[in-house]
Amino acid sequence: MNKVMENRQEVWNQIKSKTDRMLEAIGDKSPHAAGANGIYDNMRLDWWTSGFWPGILWIVYDMTGDERYKNAAWDWDARLSERFLENHYFDHDVGFQFLPTAAIKYKLTGDADAARRALFAANFLAGRFNAQGSFIRAWNGDKHGWSIIDTMMNLSLLFWASEESGDPRFAHIARAHADMVMKQFIREDGSVHHIIRFDPVTGERAEAIGGQGAAPDSAWSRGAAWALYGLTNTYRYTGDPAYLGAAQRVADFFISSLSDHVVPPWDFRAGQEGEEDIPRDSSAGAIAASGLLELAHALHELEGGLYGAAARRILSMLHECYGTWNDPKHEGILREGTSHKPAGQNVNVSLIYGDYFYVEAVAKLNGWQHRIF
């Protein structure tokens, strides 16, 4: 089963056709999860997933040159930025929101306002840095000492801002956070914590928290995907082999934990139930596959080929067993994503970030070069 590799253009054409149907159905909604009927919800604009739907549109525009996608994506960065002028809930995830909207818009069109908006978001993210503990604070409210693995993917906004502005402080913060992650989040076997709580005053580690994983000592699969991709990106921006080695350690754990089915369970240590009873997370598979393609690109052909082959196996399984190609009324691309199993939220549904990273990964296989994460 390797249809994505053998017929990559055919698979891309299916994605384009699906995106056309999504454009009609979703329009300017800000989707996160689809219900049992396959219809995407419409979240507030400062919800963490608001950049992924326009991000899909920008990738498809870049791959096709079709102005319809550019026109549909064009205003999203302005709409997001307007929320900064009101009471808002932006947090550590502004990279997820402004990289696939403002930053890619600037890269593809040269729009100066888009660059300004992305730099504003980077300043906001840098302002969440706790110098005592060397971490970027997660979420808001009273969680002053909380840091989560997801933030590794948002560091690309800081590296981009450093390159664009010439100010190294953004990159200094990104590297400090990545160094902390290697020390505090990545276990010796390559598995990954979701949440680490620090004392926000002293910077001392207080505890690990299970979060969206099964337990504090479990192995939430999407967290591993965020880590391997984010560490690979940090290596790409810095050239520091320590990040590359850490990315490989997480990737090795991820790949070795997969069954023959290759799309991961929501947590690799989710208990002793029969495998058929444990929900899978197609979004974790898509994120990991795109990250593994980056990791393969960063290494010599022989070593990197192992990671590239794993990525293609995952993408092929996603295409064959999780795609909604024959269900035109279903608004998502991939079924069976798991958002937050411990809370019973959005289990076995389409997730817009799973769709985004699947599109991103297949676009890479078809020669897409304008990476933004």
Side-chain angles (χ1 to χ4, degrees), residues 1-12 59 63 149 152-153 155-156 159 174-175 178-179 181-183 185-192 219 221-265 268 281-321 357-373:
M1 181 184 293
N2 205 359
K3 186 173 182 179
V4 168
M5 193 59 191
E6 294 174 358
N7 302 295
R8 65 186 78 177
Q9 185 59 52
E10 177 186 335
V11 175
W12 176 255
I59 293 174
M63 290 286 288
I149 195 61
M152 277 303 305
M153 287 294 291
L155 298 186
S156 292
F159 286 120
R175 291 194 64 155
D179 290 344
V181 164
M182 290 194 296
K183 180 179 179 181
F185 277 83
I186 312 301
R187 304 186 187 104
E188 187 174 350
D189 66 354
S191 61
V192 179
S221 60
R222 192 161 75 246
W226 292 141
L228 78 87
Y229 199 164
L231 286 162
T232 303
N233 288 343
T234 302
Y235 169 73
R236 189 176 79 244
Y237 280 107
T238 66
D240 188 332
Y243 303 124
L244 182 62
Q248 287 182 264
R249 193 160 84 251
V250 177
D252 292 344
F253 170 81
F254 191 99
I255 295 169
S256 67
S257 299
L258 297 174
S259 67
D260 291 341
H261 188 78
V262 304
V263 172
F268 289 120
D281 185 7
S282 58
S283 76
I287 295 158
S290 196
L292 287 167
L293 290 176
E294 291 299 319
L295 184 56
H297 183 73
L299 294 162
H300 295 298
E301 183 176 356
L302 181 61
E303 189 175 16
L306 299 173
Y307 298 113
R312 293 189 291 273
R313 287 196 301 272
I314 294 170
L315 292 171
S316 292
M317 184 65 77
L318 289 172
H319 178 270
E320 293 292 331
C321 298
F357 284 103
Y358 179 77
V359 172
E360 182 189 77
V362 176
K364 290 175 183 177
L365 291 178
N366 280 275
W368 186 56
Q369 297 294 323
H370 291 135
R371 292 139 165 81
I372 199 63
F373 278 103

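Note: hydrogens, waters and symmetry copies are ignored here, and every other heavy atom, side chains too, is used. For the single chain, residues carry numbers from 1 onward in sequence order.
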Checklist entry - Would a distance-only check, ignoring hydrogens and angles, find a side-chain to backbone donor-acceptor pair under 3.5 Å from D189 to F253? => result no

Next on the checklist: Less than 3.5 Å apart, any donor N or O on the side chain of E360 or S290 sitting next to an acceptor on the other?
Outcome noted: yes

Next on the checklist: So, using ring pair (Phe, Tyr, Trp, His ring centres under 6.0 Å) as the criterion, who are the partners of Y235 when residues are at least two apart?
Outcome noted: none

Item to check | Shortest non-hydrogen contact from L244 toward A298 | outcome: CD1-CB, 4.1 Å

Checklist entry - Between CG of L231 and CD of Q248, what distance do you get to the nearest 0.5 Å? => result 11.0 Å

Checklist entry - Under a 4.5 Å cut-off applied to non-hydrogen side-chain atoms, are V192 and F254 in contact? => result no

Item to check | Residue pair N7 / W12, side-chain heavy-atom distance below 4.5 Å | outcome: no

Next on the checklist: Rounded at 0.5 Å granularity, tell me how far CE in M63 sits from CH2 in W368.
Outcome noted: 9.0 Å

Checklist entry - What heavy-atom pair brings I149 and F185 nearest, and what distance separates the two atoms? => result N-CE2, 3.6 Å

Item to check | Minimum side-chain heavy-atom gap Y229-L293 below 4.5 Å | outcome: no

Checklist entry - If we only count heavy atoms from C-beta on, is the Y307 to I255 side-chain gap below 4.5 Å? => result yes

Checklist outcome for this item: Nearest heavy-atom approach of P265 to S221 is O-OG, 2.7 Å

Next on the checklist: Would you compute the distance between atom CZ of F373 and atom CZ of R236 and round it to the nearest 0.5 angstrom?
Outcome noted: 11.0 Å

Item to check | Heavy-atom pair with the smallest gap, counting every atom of G308 and A296 | outcome: N-CB, 3.6 Å

Checklist entry - Between CE of M182 and OG1 of T234, what distance do you get to the nearest 0.5 Å? => result 8.5 Å

Checklist entry - Do R371 and E294 have side-chain heavy atoms sitting under 4.5 Å apart? => result yes

Checklist entry - So do the side chains of I314 and L258 get within less than 4.5 Å of each other, counting heavy atoms only? => result yes

Item to check | Of D252, N233, I287, V250, the residue whose pairing with L228 passes side chain to side chain contact (heavy atoms under 4.5 Å, CB included) | outcome: V250

Next on the checklist: Would you compute the distance between atom OG of S283 and atom CZ of F357 and round it to the nearest 0.5 angstrom?
Outcome noted: 9.5 Å

Next on the checklist: If I take atom CZ from residue R175 and atom OH from residue Y237, how far apart are they, to the nearest 0.5 angstrom?
Outcome noted: 14.0 Å

